[in-house]
**Q** 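One structure follows; several queries about it will come next.
The shown structure was predicted, so the numbers you read here are calculated from the model rather than taken from an experiment.
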Amino acid sequence: GYRWWFGKEIQRKGVCFRVAVVDGEDGLAGYVYGAKEGRDWNRLLDPHAELIDLYVRPERRRHGVGKTLVTAFCDWAEKKKAGPVVLSTAAKNPEAKALFASLGFRPTMIEMTFARSGR
């Protein structure tokens, strides 16, 4: 499904894909994907760059790949004058939260979910 999604998204104006490779290794070490977005009244956001997805292969984590990719996306957003970079991460993902905080990201909104048992 992701191949279909990326194929569709890459056609959209204002999209950024960056990949990381490691010399001497096959395949990608990771990627970052995001887009320049307009005002979002529901989320109380002015025009911004949305970091939509970051992936680093497990064996390449904690080697600077994630920081490099996020920095590359932020550089792209600045060059495009996209506004602030916004992202979401799972509440139960302390590694991602630590990575983003180390780069200067700060919490701004909290999403809350409620589901009745059995539904």
**Q** Which pair of non-hydrogen atoms, one from G30 and one from L69, has the smallest distance, and what is that distance?
**A**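 Here G30 and L69 meet closest at C-CD1, 3.7 Å.
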**Q** Who pairs with D46 by side-chain hydrogen bond (donor to acceptor under 3.5 Å, both in side chains), at least two apart in sequence or on another chain?
**A**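 With sequence neighbours excluded, D46 shows a side-chain hydrogen bond (donor to acceptor under 3.5 Å, both in side chains) to R39, given in chain and number order.
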**Q** Does V32 share a hydrophobic cluster with V19, counting links as ILVMFWY side-chain heavy atoms below 4.5 Å and allowing steps through other members?
**A**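 Cluster IDs for V32 and V19 differ.
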**Q** Let me check something: do I52 and Y55 share a hydrophobic cluster, defined by ILVMFWY side-chain heavy atoms less than 4.5 Å apart, either directly or through other members?
**A**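 Yes, same cluster.
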**Q** Can you see which heavy atom on E50 is nearest to which on F73, and at what distance?
**A**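 Between these two residues, the closest heavy atoms are O-CZ, 3.5 Å.
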**Q** Test E25 against R60 for side chain to side chain contact (heavy atoms under 4.5 Å, CB included), laying out the working first.
**A** CA-CA 11 Å; E25 290 185 14; R60 299 306 310 161; 3.3 Å; yes
**Q** From F17 CZ over to Y33 OH, what is the distance, rounded to the nearest 0.5 angstrom?
**A**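 If I round to the nearest 0.5 Å, the distance is 5.5 Å.
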**Q** Do E37 and R43 sit within salt-bridge range, that is, some charged N less than 4.0 Å from a carboxylate O?
**A**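 So E37 does not pair with R43 through a salt bridge.
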**Q** Testing the basics here: between C74 and V85, what is the closest heavy-atom pair and its distance to 0.1 Å?
**A**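 Looking at all heavy atoms of both residues, the shortest contact is SG-CG2, 4.0 Å.
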**Q** To the nearest 0.5 Å, what is the distance between SG (C16) and NZ (K80)?
**A**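 That separation rounds to 9.0 Å.
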**Q** Can you confirm whether R12 is buried at CZ, in the sense that more than 12 heavy atoms of other residues, nucleotides or ligands lie under 6.0 Å from that atom?
**A**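 Count over threshold, so yes.
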**Q** Nearest 0.5 Å please: distance from the CD atom of E95 over to the OG1 atom of T89.
**A**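 Going from the CD atom of E95 to the OG1 atom of T89 covers 9.5 Å.
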**Q** Taking all atoms of both residues into account, what is the closest heavy-atom pair of S102 and K67, and its distance?
**A**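 So the minimum-distance heavy-atom pair works out to OG-CE, 3.2 Å.
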**Q** Tell me, with the steps shown, if L54 and V70 meet side chain to side chain contact (heavy atoms under 4.5 Å, CB included).
**A** CA-CA 8 Å; L54 171 68; V70 173; 3.7 Å; yes
**Q** Between K97 and A91, which heavy-atom pair has the shortest distance, and what is it?
**A**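 Where K97 meets A91 most closely, the heavy atoms are NZ-O, 2.8 Å.
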**Q** side-chain hydrogen bond (donor to acceptor under 3.5 Å, both in side chains) with E59: which of R62, R61, R57, H63?
**A**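 Of all the options given, the one that passes is R57.
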**Q** Taking side chain as C-beta onward, heavy atoms only, is T71 less than 4.5 Å from L103?
**A**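 Yes. Closest side-chain heavy atoms under 4.5 Å.
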**Q** Minimum heavy-atom separation for P84 to H48, with atom names?
**A**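 It is O-CB, 3.2 Å.
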**Q** Would you sort out whether V86 and L51 count as a side chain to side chain contact (heavy atoms under 4.5 Å, CB included), showing the intermediate values?
**A** CA-CA 6 Å; V86 177; L51 194 158; over 6 Å; no
**Q** CG/D75 to CZ/R18 distance, rounded to the nearest 0.5 angstrom?
**A**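 Here the interatomic distance stands at 9.0 Å.
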**Q** Using 30° and 60° as the class limits, which term best fits the ring planes of F105 and F100: parallel, tilted or perpendicular?
**A**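 Perpendicular, since the angle between the ring planes exceeds 60°.
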**Q** Out of curiosity, E9 CD to W4 CH2, how far, rounded to the nearest 0.5 Å?
**A**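 That separation rounds to 8.5 Å.
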**Q** State which residues pass side-chain hydrogen bond (donor to acceptor under 3.5 Å, both in side chains) with E111; sequence neighbours excluded, sorted by chain then number.
**A**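 Testing E111 for side-chain hydrogen bond (donor to acceptor under 3.5 Å, both in side chains), a comparison that skips the adjacent residues, returns none.
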**Q** Rounded to the nearest 0.5 Å, how far does CG of L87 lie from CG of D53?
**A**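 One finds 11.0 Å between CG of D53 and CG of L87.
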